[in-house]
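Report on one structure; see the data block that follows.
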Amino acid sequence: MRLPPDQTHPRMRPTAVSRLKRAPTARQLERALFDEALDALAAGFAELPSGEAALPSERLREALLAAAGRLHDSAPYHHPFYLGQMQKPPHPVARLAYGLALELNPNNHGRDGGRASVAMEAEAVAQLAALFGWRAHRGHLCGGGTVAHLEALWIAREHGHRAGIAASAQAHYCHARAAGLLGLPYHPVAVDARGRLDLGALERMLAAGTVDTVIATLGTTATGAVDPLAEIVALRRRHRFRLHVDASYGGYFGLAGNLDADTRRAFEAAGAADSIVVDPHKHGLQPYGCGCVLFRDAAVPAAYRHASPYFRPDDDAAPAPGAHALECSRPGAAAVALWATLRLLPLVPGGAFAEGLAAGRAAALSLHAALENDARCAPLAPPQLDVVVWAMRAGSAREASARARAVLQAAQAHDLHLSLTELPRALLEPHAPVRVWDADTLVCLRACLMKPEHGPWLDAILERLAMAIREACG
Ligand SMILES: *Cc1c(COP(=O)(O)O)cnc(C)c1O
(Lines give C-alpha, C1' and ligand atoms only; values in the text may rest on other atoms or scores of the structure.)
Protein backbone atom coordinates (compact mmCIF):
# COMPACT_ATOMS: atom_id res chain seq x y z
CA MET A 1 0.00 0.00 0.00
CA ARG A 2 1.18 3.51 -0.76
CA LEU A 3 1.51 5.63 2.35
CA PRO A 4 1.83 9.40 2.26
CA PRO A 5 5.18 10.39 3.74
CA ASP A 6 5.07 12.13 7.10
CA GLN A 7 4.39 15.83 7.15
CA THR A 8 3.25 16.27 3.57
CA HIS A 9 -0.11 17.83 3.04
CA PRO A 10 -2.08 18.23 -0.18
CA ARG A 11 -2.00 21.82 -1.37
CA MET A 12 -5.32 23.50 -0.57
CA ARG A 13 -7.21 23.13 -3.81
CA PRO A 14 -10.19 25.37 -4.50
CA THR A 15 -12.60 22.68 -3.35
CA ALA A 16 -15.03 22.60 -0.49
CA VAL A 17 -14.04 25.98 0.91
CA SER A 18 -14.50 27.88 -2.34
CA ARG A 19 -17.96 26.39 -2.80
CA LEU A 20 -19.11 28.10 0.38
CA LYS A 21 -21.14 31.30 0.36
CA ARG A 22 -19.28 34.62 0.25
CA ALA A 23 -18.93 35.07 4.01
CA PRO A 24 -19.06 31.61 5.58
CA THR A 25 -19.43 31.31 9.35
CA ALA A 26 -16.52 29.80 11.25
CA ARG A 27 -18.60 26.64 11.67
CA GLN A 28 -19.26 26.31 7.91
CA LEU A 29 -15.60 26.84 7.19
CA GLU A 30 -14.63 24.18 9.72
CA ARG A 31 -16.99 21.62 8.18
CA ALA A 32 -15.73 22.30 4.67
CA LEU A 33 -12.10 22.00 5.74
CA PHE A 34 -12.85 18.82 7.65
CA ASP A 35 -14.45 17.25 4.57
CA GLU A 36 -11.46 18.20 2.50
CA ALA A 37 -9.03 16.77 5.05
CA LEU A 38 -11.04 13.51 5.25
CA ASP A 39 -10.84 13.20 1.45
CA ALA A 40 -7.10 13.85 1.56
CA LEU A 41 -6.72 11.13 4.18
CA ALA A 42 -8.85 8.68 2.18
CA ALA A 43 -6.62 9.29 -0.86
CA GLY A 44 -3.76 7.61 1.01
CA PHE A 45 -5.77 4.37 1.18
CA ALA A 46 -7.50 4.62 -2.21
CA GLU A 47 -6.01 1.32 -3.45
CA LEU A 48 -8.01 -0.68 -0.92
CA PRO A 49 -11.45 -1.99 -1.85
CA SER A 50 -14.09 0.00 -0.02
CA GLY A 51 -14.84 -1.36 3.45
CA GLU A 52 -17.48 1.21 4.27
CA ALA A 53 -20.49 -0.13 6.17
CA ALA A 54 -24.03 1.17 5.57
CA LEU A 55 -25.36 3.55 8.25
CA PRO A 56 -28.74 3.16 9.97
CA SER A 57 -29.39 6.83 9.23
CA GLU A 58 -32.71 7.36 11.03
CA ARG A 59 -31.59 5.63 14.22
CA LEU A 60 -28.22 7.32 14.04
CA ARG A 61 -29.93 10.69 13.74
CA GLU A 62 -32.16 9.91 16.69
CA ALA A 63 -29.18 8.92 18.85
CA LEU A 64 -27.18 12.02 17.93
CA LEU A 65 -30.05 14.44 18.52
CA ALA A 66 -30.79 12.73 21.83
CA ALA A 67 -27.15 13.26 22.83
CA ALA A 68 -27.30 16.93 21.80
CA GLY A 69 -30.39 17.32 23.95
CA ARG A 70 -28.73 15.72 26.96
CA LEU A 71 -25.74 18.05 26.61
CA HIS A 72 -27.96 21.09 27.18
CA ASP A 73 -27.61 20.25 30.85
CA SER A 74 -24.07 21.71 30.95
CA ALA A 75 -22.51 25.01 31.88
CA PRO A 76 -21.46 26.95 28.76
CA TYR A 77 -17.82 25.90 29.14
CA HIS A 78 -17.00 27.17 25.67
CA HIS A 79 -18.25 30.73 26.27
CA PRO A 80 -16.18 33.65 27.67
CA PHE A 81 -18.81 34.06 30.42
CA TYR A 82 -17.61 30.73 31.80
CA LEU A 83 -14.67 31.37 34.15
CA GLY A 84 -15.43 28.71 36.73
CA GLN A 85 -13.13 25.71 36.59
CA MET A 86 -10.00 25.30 34.47
CA GLN A 87 -11.97 24.37 31.38
CA LYS A 88 -10.84 25.74 28.06
CA PRO A 89 -12.42 24.65 24.78
CA PRO A 90 -10.07 22.89 22.36
CA HIS A 91 -8.94 24.93 19.38
CA PRO A 92 -10.83 24.01 16.18
CA VAL A 93 -7.59 22.66 14.70
CA ALA A 94 -7.34 20.21 17.60
CA ARG A 95 -10.98 19.09 17.26
CA LEU A 96 -10.67 18.65 13.50
CA ALA A 97 -7.33 16.87 13.57
CA TYR A 98 -8.59 14.60 16.35
CA GLY A 99 -11.67 13.73 14.29
CA LEU A 100 -9.53 13.15 11.23
CA ALA A 101 -7.25 10.74 13.07
CA LEU A 102 -10.28 8.87 14.45
CA GLU A 103 -10.86 7.59 10.92
CA LEU A 104 -7.91 5.30 11.64
CA ASN A 105 -8.06 5.38 15.44
CA PRO A 106 -4.34 4.70 15.86
CA ASN A 107 -3.05 3.33 19.17
CA ASN A 108 0.23 4.91 20.24
CA HIS A 109 1.17 2.00 22.51
CA GLY A 110 3.90 1.31 19.96
CA ARG A 111 4.89 1.75 16.36
CA ASP A 112 2.72 -1.08 15.07
CA GLY A 113 -0.33 0.74 16.49
CA GLY A 114 0.28 3.88 14.46
CA ARG A 115 3.54 4.67 12.66
CA ALA A 116 2.56 8.23 11.71
CA SER A 117 0.89 9.20 14.98
CA VAL A 118 3.80 7.74 16.99
CA ALA A 119 6.24 9.91 15.02
CA MET A 120 3.95 12.94 15.43
CA GLU A 121 3.80 12.30 19.18
CA ALA A 122 7.59 12.37 19.44
CA GLU A 123 7.73 15.65 17.50
CA ALA A 124 5.00 17.27 19.61
CA VAL A 125 6.50 16.08 22.90
CA ALA A 126 9.92 17.44 21.85
CA GLN A 127 8.28 20.88 21.45
CA LEU A 128 6.85 20.65 24.97
CA ALA A 129 10.27 19.61 26.33
CA ALA A 130 11.83 22.60 24.55
CA LEU A 131 9.57 24.86 26.66
CA PHE A 132 11.87 23.93 29.55
CA GLY A 133 15.08 24.05 27.55
CA TRP A 134 15.34 20.26 27.23
CA ARG A 135 16.75 18.77 24.04
CA ALA A 136 17.67 15.24 25.08
CA HIS A 137 14.74 13.98 27.14
CA ARG A 138 12.32 11.12 27.42
CA GLY A 139 8.62 11.71 27.47
CA HIS A 140 5.22 10.88 26.08
CA LEU A 141 1.58 11.85 26.13
CA CYS A 142 -0.82 10.18 28.51
CA GLY A 143 -4.39 10.27 29.73
CA GLY A 144 -3.95 13.34 31.92
CA GLY A 145 -2.11 14.90 34.82
CA THR A 146 -3.02 12.31 37.42
CA VAL A 147 -1.49 9.39 35.55
CA ALA A 148 1.45 11.55 34.35
CA HIS A 149 2.36 12.46 37.94
CA LEU A 150 1.88 8.87 39.08
CA GLU A 151 4.33 7.73 36.41
CA ALA A 152 6.91 10.40 37.38
CA LEU A 153 6.66 9.48 41.07
CA TRP A 154 6.79 5.76 40.26
CA ILE A 155 10.03 6.27 38.31
CA ALA A 156 11.40 8.37 41.21
CA ARG A 157 10.70 5.44 43.53
CA GLU A 158 12.33 3.01 41.09
CA HIS A 159 15.43 5.23 41.21
CA GLY A 160 15.57 4.50 44.93
CA HIS A 161 13.72 7.53 46.34
CA ARG A 162 11.63 5.82 48.97
CA ALA A 163 11.91 8.00 52.08
CA GLY A 164 8.96 10.31 51.38
CA ILE A 165 7.37 12.81 49.03
CA ALA A 166 6.81 16.48 49.92
CA ALA A 167 4.60 19.00 48.15
CA SER A 168 2.96 22.22 49.28
CA ALA A 169 -0.32 22.07 51.17
CA GLN A 170 -1.85 23.75 48.09
CA ALA A 171 -0.55 21.06 45.68
CA HIS A 172 -3.05 19.01 43.68
CA TYR A 173 -4.73 16.15 45.55
CA CYS A 174 -3.52 13.60 42.99
CA HIS A 175 -0.03 13.66 44.56
CA ALA A 176 -1.12 12.38 47.97
CA ARG A 177 -3.11 9.73 46.14
CA ALA A 178 -0.09 8.71 44.04
CA ALA A 179 2.05 8.46 47.18
CA GLY A 180 -0.59 6.16 48.68
CA LEU A 181 -0.62 3.96 45.59
CA LEU A 182 3.17 3.77 45.63
CA GLY A 183 3.25 3.00 49.36
CA LEU A 184 5.32 6.09 50.18
CA PRO A 185 4.85 8.62 53.02
CA TYR A 186 3.45 11.98 51.88
CA HIS A 187 4.25 15.28 53.62
CA PRO A 188 2.27 18.46 52.89
CA VAL A 189 4.49 21.54 53.35
CA ALA A 190 3.14 24.81 54.79
CA VAL A 191 2.56 27.68 52.37
CA ASP A 192 3.25 31.42 52.63
CA ALA A 193 0.60 34.15 52.38
CA ARG A 194 0.58 33.84 48.56
CA GLY A 195 -0.03 30.09 48.61
CA ARG A 196 3.56 29.17 47.71
CA LEU A 197 5.58 26.40 49.30
CA ASP A 198 7.43 27.60 52.42
CA LEU A 199 11.16 26.99 51.93
CA GLY A 200 12.04 26.87 55.62
CA ALA A 201 9.43 24.20 56.29
CA LEU A 202 10.69 22.15 53.33
CA GLU A 203 14.31 22.43 54.39
CA ARG A 204 13.49 21.17 57.87
CA MET A 205 11.93 18.04 56.33
CA LEU A 206 14.93 17.51 54.05
CA ALA A 207 17.32 17.94 56.99
CA ALA A 208 15.33 15.41 59.02
CA GLY A 209 15.65 12.89 56.17
CA THR A 210 11.90 12.25 55.94
CA VAL A 211 11.75 13.51 52.35
CA ASP A 212 13.81 12.58 49.27
CA THR A 213 11.35 13.56 46.51
CA VAL A 214 10.05 17.14 46.25
CA ILE A 215 7.18 18.26 44.07
CA ALA A 216 7.15 21.95 43.11
CA THR A 217 3.99 23.34 41.53
CA LEU A 218 4.16 25.96 38.78
CA GLY A 219 0.57 27.15 39.09
CA THR A 220 -1.61 25.58 41.79
CA THR A 221 -5.13 24.64 40.82
CA ALA A 222 -6.90 26.67 43.50
CA THR A 223 -5.10 30.01 43.20
CA GLY A 224 -2.49 29.72 40.42
CA ALA A 225 0.37 30.13 42.92
CA VAL A 226 3.87 29.40 41.64
CA ASP A 227 6.28 27.76 44.09
CA PRO A 228 9.76 29.36 44.45
CA LEU A 229 11.40 26.83 42.16
CA ALA A 230 14.79 28.56 41.79
CA GLU A 231 15.21 28.51 45.57
CA ILE A 232 14.05 24.87 45.76
CA VAL A 233 16.66 23.95 43.12
CA ALA A 234 19.28 25.78 45.23
CA LEU A 235 18.44 23.51 48.20
CA ARG A 236 20.12 20.74 46.25
CA ARG A 237 23.48 22.21 47.21
CA ARG A 238 22.79 21.04 50.76
CA HIS A 239 20.37 18.14 50.33
CA ARG A 240 19.94 15.18 47.98
CA PHE A 241 16.44 14.85 46.56
CA ARG A 242 14.65 14.16 43.34
CA LEU A 243 12.74 17.14 41.98
CA HIS A 244 9.45 16.77 40.15
CA VAL A 245 7.64 19.79 38.73
CA ASP A 246 3.85 19.91 38.53
CA ALA A 247 3.24 22.24 35.60
CA SER A 248 -0.02 20.50 34.69
CA TYR A 249 -1.88 23.79 34.46
CA GLY A 250 0.87 26.42 34.38
CA GLY A 251 3.47 24.78 32.15
CA TYR A 252 3.00 26.94 29.09
CA PHE A 253 3.31 30.25 30.95
CA GLY A 254 7.05 30.52 30.41
CA LEU A 255 5.98 31.78 26.96
CA ALA A 256 3.87 34.66 28.29
CA GLY A 257 5.57 38.04 28.10
CA ASN A 258 3.78 39.52 31.13
CA LEU A 259 4.87 37.44 34.15
CA ASP A 260 6.17 39.22 37.23
CA ALA A 261 9.89 38.85 37.96
CA ASP A 262 9.50 36.23 40.75
CA THR A 263 7.24 34.07 38.67
CA ARG A 264 9.50 34.27 35.63
CA ARG A 265 12.48 33.19 37.74
CA ALA A 266 10.56 30.09 38.86
CA PHE A 267 9.73 29.13 35.26
CA GLU A 268 13.33 29.64 34.20
CA ALA A 269 14.46 27.15 36.86
CA ALA A 270 12.20 24.33 35.65
CA GLY A 271 14.86 22.81 33.40
CA ALA A 272 16.80 21.72 36.51
CA ALA A 273 14.00 19.30 37.51
CA ASP A 274 14.26 15.52 37.03
CA SER A 275 10.74 15.29 35.66
CA ILE A 276 8.02 17.70 34.59
CA VAL A 277 4.34 17.24 33.83
CA VAL A 278 2.53 19.69 31.56
CA ASP A 279 -0.97 18.89 30.39
CA PRO A 280 -2.00 20.09 26.93
CA HIS A 281 -5.63 19.42 27.91
CA LYS A 282 -5.40 22.15 30.58
CA HIS A 283 -3.95 25.18 28.81
CA GLY A 284 -2.79 23.74 25.49
CA LEU A 285 -6.12 23.88 23.61
CA GLN A 286 -6.51 20.07 23.49
CA PRO A 287 -9.52 17.83 24.19
CA TYR A 288 -9.39 15.91 27.47
CA GLY A 289 -7.19 12.85 27.47
CA CYS A 290 -3.95 14.71 26.77
CA GLY A 291 -1.38 14.93 29.55
CA CYS A 292 2.39 14.81 29.10
CA VAL A 293 5.18 13.51 31.31
CA LEU A 294 8.79 14.51 30.62
CA PHE A 295 12.02 13.14 32.09
CA ARG A 296 15.35 14.97 31.85
CA ASP A 297 17.25 11.67 31.64
CA ALA A 298 16.67 10.09 28.21
CA ALA A 299 17.67 6.58 29.41
CA VAL A 300 14.78 4.13 29.81
CA PRO A 301 14.62 2.77 33.38
CA ALA A 302 14.29 -0.98 33.85
CA ALA A 303 10.93 -0.47 35.55
CA TYR A 304 9.23 -0.34 32.15
CA ARG A 305 10.38 -3.84 31.13
CA HIS A 306 7.55 -6.23 30.57
CA ALA A 307 7.04 -9.62 29.07
CA SER A 308 4.33 -9.61 26.42
CA PRO A 309 4.03 -12.37 23.86
CA TYR A 310 2.81 -10.01 21.14
CA PHE A 311 4.54 -6.69 21.81
CA ARG A 312 8.22 -6.13 22.56
CA PRO A 313 9.08 -2.42 22.34
CA ASP A 314 12.80 -3.13 22.60
CA ASP A 315 12.78 -5.16 19.36
CA ASP A 316 12.79 -1.83 17.52
CA ALA A 317 16.15 -0.16 16.96
CA ALA A 318 14.54 3.12 18.04
CA PRO A 319 11.53 2.25 20.18
CA ALA A 320 8.51 4.56 20.05
CA PRO A 321 8.67 6.98 23.00
CA GLY A 322 5.31 5.88 24.34
CA ALA A 323 6.32 2.23 24.21
CA HIS A 324 7.88 2.96 27.59
CA ALA A 325 4.88 4.34 29.43
CA LEU A 326 2.80 3.41 32.44
CA GLU A 327 -0.29 3.18 30.25
CA CYS A 328 -0.52 0.72 27.38
CA SER A 329 -3.14 1.79 24.81
CA ARG A 330 -3.02 5.54 24.24
CA PRO A 331 -5.00 7.58 21.68
CA GLY A 332 -2.94 8.34 18.59
CA ALA A 333 -5.64 10.90 17.78
CA ALA A 334 -4.54 12.97 20.81
CA ALA A 335 -1.00 13.09 19.39
CA VAL A 336 -2.28 14.08 15.94
CA ALA A 337 -4.45 16.84 17.45
CA LEU A 338 -1.54 18.24 19.47
CA TRP A 339 0.84 18.00 16.51
CA ALA A 340 -1.56 19.93 14.24
CA THR A 341 -2.17 22.54 16.96
CA LEU A 342 1.57 23.11 17.35
CA ARG A 343 1.95 23.42 13.59
CA LEU A 344 -0.70 26.17 13.53
CA LEU A 345 0.33 27.74 16.84
CA PRO A 346 4.03 27.11 17.48
CA LEU A 347 5.27 27.54 21.05
CA VAL A 348 7.30 30.69 20.51
CA PRO A 349 7.42 33.85 22.62
CA GLY A 350 5.37 36.55 20.92
CA GLY A 351 3.48 34.00 18.80
CA ALA A 352 -0.31 33.80 18.67
CA PHE A 353 -0.44 31.09 21.36
CA ALA A 354 1.83 33.04 23.72
CA GLU A 355 -0.24 36.17 23.10
CA GLY A 356 -3.40 34.26 24.02
CA LEU A 357 -1.89 33.23 27.37
CA ALA A 358 -0.74 36.79 28.02
CA ALA A 359 -4.23 38.12 27.17
CA GLY A 360 -5.87 35.86 29.78
CA ARG A 361 -3.27 36.89 32.34
CA ALA A 362 -3.79 40.60 31.56
CA ALA A 363 -7.54 40.10 32.02
CA ALA A 364 -6.85 38.40 35.37
CA LEU A 365 -4.76 41.38 36.52
CA SER A 366 -7.55 43.78 35.47
CA LEU A 367 -10.16 41.75 37.33
CA HIS A 368 -7.93 41.73 40.41
CA ALA A 369 -7.52 45.52 40.20
CA ALA A 370 -11.29 45.99 39.89
CA LEU A 371 -11.85 43.82 43.00
CA GLU A 372 -9.23 45.81 44.94
CA ASN A 373 -11.34 48.90 44.29
CA ASP A 374 -14.50 47.28 45.63
CA ALA A 375 -14.82 47.61 49.41
CA ARG A 376 -17.05 44.50 49.54
CA CYS A 377 -14.28 42.25 48.15
CA ALA A 378 -10.96 41.10 49.59
CA PRO A 379 -8.81 39.66 46.79
CA LEU A 380 -5.71 37.60 47.54
CA ALA A 381 -2.35 38.93 46.34
CA PRO A 382 -2.26 39.80 42.61
CA PRO A 383 -2.48 36.63 40.48
CA GLN A 384 0.80 35.03 39.43
CA LEU A 385 -0.87 33.44 36.39
CA ASP A 386 -4.52 33.76 35.30
CA VAL A 387 -6.54 32.59 38.32
CA VAL A 388 -8.13 35.27 40.52
CA VAL A 389 -9.41 34.45 44.02
CA TRP A 390 -11.21 36.73 46.43
CA ALA A 391 -13.15 36.59 49.66
CA MET A 392 -16.35 38.55 50.29
CA ARG A 393 -15.90 40.81 53.30
CA ALA A 394 -18.25 40.18 56.23
CA GLY A 395 -18.37 40.30 60.01
CA SER A 396 -17.50 36.62 60.45
CA ALA A 397 -15.90 33.83 58.45
CA ARG A 398 -19.17 31.94 58.19
CA GLU A 399 -21.00 35.01 56.90
CA ALA A 400 -18.23 35.65 54.37
CA SER A 401 -18.50 32.07 53.09
CA ALA A 402 -22.27 32.36 52.78
CA ARG A 403 -21.87 35.64 50.92
CA ALA A 404 -19.43 34.05 48.43
CA ARG A 405 -21.96 31.29 47.75
CA ALA A 406 -24.66 33.92 47.22
CA VAL A 407 -22.49 35.81 44.71
CA LEU A 408 -21.83 32.56 42.83
CA GLN A 409 -25.58 31.93 42.54
CA ALA A 410 -26.44 35.52 41.60
CA ALA A 411 -23.71 35.57 38.92
CA GLN A 412 -25.03 32.31 37.49
CA ALA A 413 -28.47 33.89 37.17
CA HIS A 414 -26.75 36.44 34.89
CA ASP A 415 -25.07 33.64 32.89
CA LEU A 416 -21.71 34.40 34.48
CA HIS A 417 -20.06 31.23 35.76
CA LEU A 418 -17.52 31.42 38.60
CA SER A 419 -16.34 28.73 41.03
CA LEU A 420 -15.71 28.46 44.77
CA THR A 421 -12.56 27.44 46.58
CA GLU A 422 -12.15 26.86 50.30
CA LEU A 423 -8.90 28.27 51.65
CA PRO A 424 -7.22 28.13 55.07
CA ARG A 425 -7.35 31.15 57.38
CA ALA A 426 -3.56 31.66 57.12
CA LEU A 427 -3.85 32.48 53.41
CA LEU A 428 -6.67 34.98 53.94
CA GLU A 429 -5.72 36.67 57.19
CA PRO A 430 -3.26 39.19 55.66
CA HIS A 431 -6.17 40.52 53.60
CA ALA A 432 -8.41 40.90 56.68
CA PRO A 433 -11.68 39.90 55.04
CA VAL A 434 -13.49 39.30 58.35
CA ARG A 435 -13.37 40.56 61.96
CA VAL A 436 -14.34 37.32 63.68
CA TRP A 437 -12.79 33.98 62.68
CA ASP A 438 -15.51 31.52 63.63
CA ALA A 439 -14.10 28.92 61.16
CA ASP A 440 -10.60 27.82 60.10
CA THR A 441 -11.35 28.11 56.41
CA LEU A 442 -13.15 30.54 54.17
CA VAL A 443 -15.11 29.81 51.03
CA CYS A 444 -13.82 32.22 48.37
CA LEU A 445 -14.81 33.06 44.82
CA ARG A 446 -12.50 31.97 42.02
CA ALA A 447 -12.27 32.96 38.36
CA CYS A 448 -10.04 31.22 35.80
CA LEU A 449 -9.41 33.64 32.93
CA MET A 450 -7.90 31.02 30.66
CA LYS A 451 -9.45 31.97 27.37
CA PRO A 452 -7.76 34.57 25.17
CA GLU A 453 -11.25 36.09 24.64
CA HIS A 454 -11.43 36.94 28.33
CA GLY A 455 -9.46 40.09 27.43
CA PRO A 456 -12.01 41.65 25.05
CA TRP A 457 -14.93 40.32 27.12
CA LEU A 458 -13.71 41.68 30.44
CA ASP A 459 -15.95 44.76 30.54
CA ALA A 460 -19.06 42.63 29.98
CA ILE A 461 -17.83 40.21 32.67
CA LEU A 462 -17.25 43.04 35.18
CA GLU A 463 -20.70 44.45 34.50
CA ARG A 464 -22.41 41.16 35.29
CA LEU A 465 -20.18 40.55 38.30
CA ALA A 466 -21.08 44.00 39.71
CA MET A 467 -24.79 43.16 39.36
CA ALA A 468 -24.29 39.84 41.13
CA ILE A 469 -22.33 41.39 44.01
CA ARG A 470 -24.95 44.11 44.43
CA GLU A 471 -27.73 41.53 44.58
CA ALA A 472 -25.89 39.20 46.95
CA CYS A 473 -24.72 41.90 49.34
CA GLY A 474 -28.01 43.73 49.46
C1 LIG B 1 -5.42 19.51 36.83
C2 LIG B 1 -4.20 19.38 37.65
C3 LIG B 1 -3.66 18.13 37.96
C4 LIG B 1 -4.34 16.82 37.60
O5 LIG B 1 -4.46 16.67 36.23
P6 LIG B 1 -5.67 15.84 35.57
O7 LIG B 1 -5.41 16.02 34.12
O8 LIG B 1 -6.93 16.51 36.03
O9 LIG B 1 -5.58 14.44 36.02
C10 LIG B 1 -2.48 18.10 38.67
N11 LIG B 1 -1.88 19.24 39.08
C12 LIG B 1 -2.37 20.47 38.81
C13 LIG B 1 -1.65 21.68 39.28
C14 LIG B 1 -3.56 20.58 38.08
O15 LIG B 1 -4.06 21.80 37.85
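Throughout, numbering of the chain's residues begins at 1 and tracks the sequence. Order of appearance sets the numbers: ligands from 1, and atoms from 1 within every ligand. Only a predicted model underlies this, so the values are computations on that prediction, with no experimental measurement involved.
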Atoms of ligand 1 close to H281 [distance to a heavy atom under 4.0 angstrom, numbered from 1]:
7 (O)
What do you reckon, does T221 have a nitrogen or oxygen under 3.5 Å from a nitrogen or oxygen of ligand 1?
yes
For atom 5 (O) of ligand 1, which candidate among A167, G145, C290 holds the nearest heavy atom?
G145
Please report whether the ring centroid of H283 lies less than 6.0 Å from that of Y252.
no
Start with the C-alpha distance between H239 and F241, add both sets of side-chain angles, then the distance that settles ring-ring contact (aromatic ring centres under 6.0 Å, His included), and finish with yes or no.
CA-CA 6 Å; H239 306 279; F241 58 92; 7.4 Å; no
E158 and Y304: side chain donor to acceptor below 3.5 Å
no
Taking a cutoff of less than 4.0 Å between a non-hydrogen atom of the residue and any ligand atom, is G143 in contact with ligand 1?
no
Chi angles and distances behind the side-chain contact (heavy atoms from CB on, under 4.5 Å) call for D212, I165
CA-CA 6 Å; D212 60 358; I165 300 172; over 6 Å; no
Any ion pair linking D386 and K451 (charged N to carboxylate O, less than 4.0 Å)?
no
Which ligand 1 atoms are under 4.0 Å away from a heavy-atom of H149?
10 (C), 11 (N)
Partner of Y98 by side-chain contact (heavy atoms from CB on, under 4.5 Å), out of P287, C290, P90:
P287
D192 and R194 ion-paired at < 4.0 Å:
no
State the atoms of ligand 1, each with its element, that fall below the 4.0 Å cut-off from a heavy-atom position in G219.
13 (C)
Nearest protein heavy-atom contact for atom 9 (O) of ligand 1: which residue, which atom, what distance?
T146 OG1, 2.6 Å
Taking only non-hydrogen atoms of G144 and a 4.0 Å limit, the atoms of ligand 1 in range are 7 (O)
Please lay out, stage by stage, how L326 and V147 fare under the test side-chain contact (heavy atoms from CB on, under 4.5 Å).
CA-CA 8 Å; L326 179 59; V147 73; 4.0 Å; yes
Identify the closest protein heavy atom to atom 1 (C) of ligand 1: which residue and atom is it, and at what distance?
K282 NZ, 1.4 Å
Below 4.0 Å, non-hydrogen atoms only: which portion of D279 touches ligand 1? Side chain, backbone, both or neither.
side chain
Relative to the heavy atoms of S248, which atoms of ligand 1 are at a distance of less than 4.0 Å?
2 (C), 3 (C), 10 (C), 11 (N), 12 (C), 14 (C)
One finds that the ligand 1 atoms under 4.0 Å from a non-hydrogen atom of Y249 are 15 (O)
Between V387, T220, D246, flag the one that comes closest to atom 13 (C) of ligand 1 by a heavy atom.
D246
Can a donor-acceptor pair be found between the side chains of E327 and H140 at a distance below 3.5 Å?
no
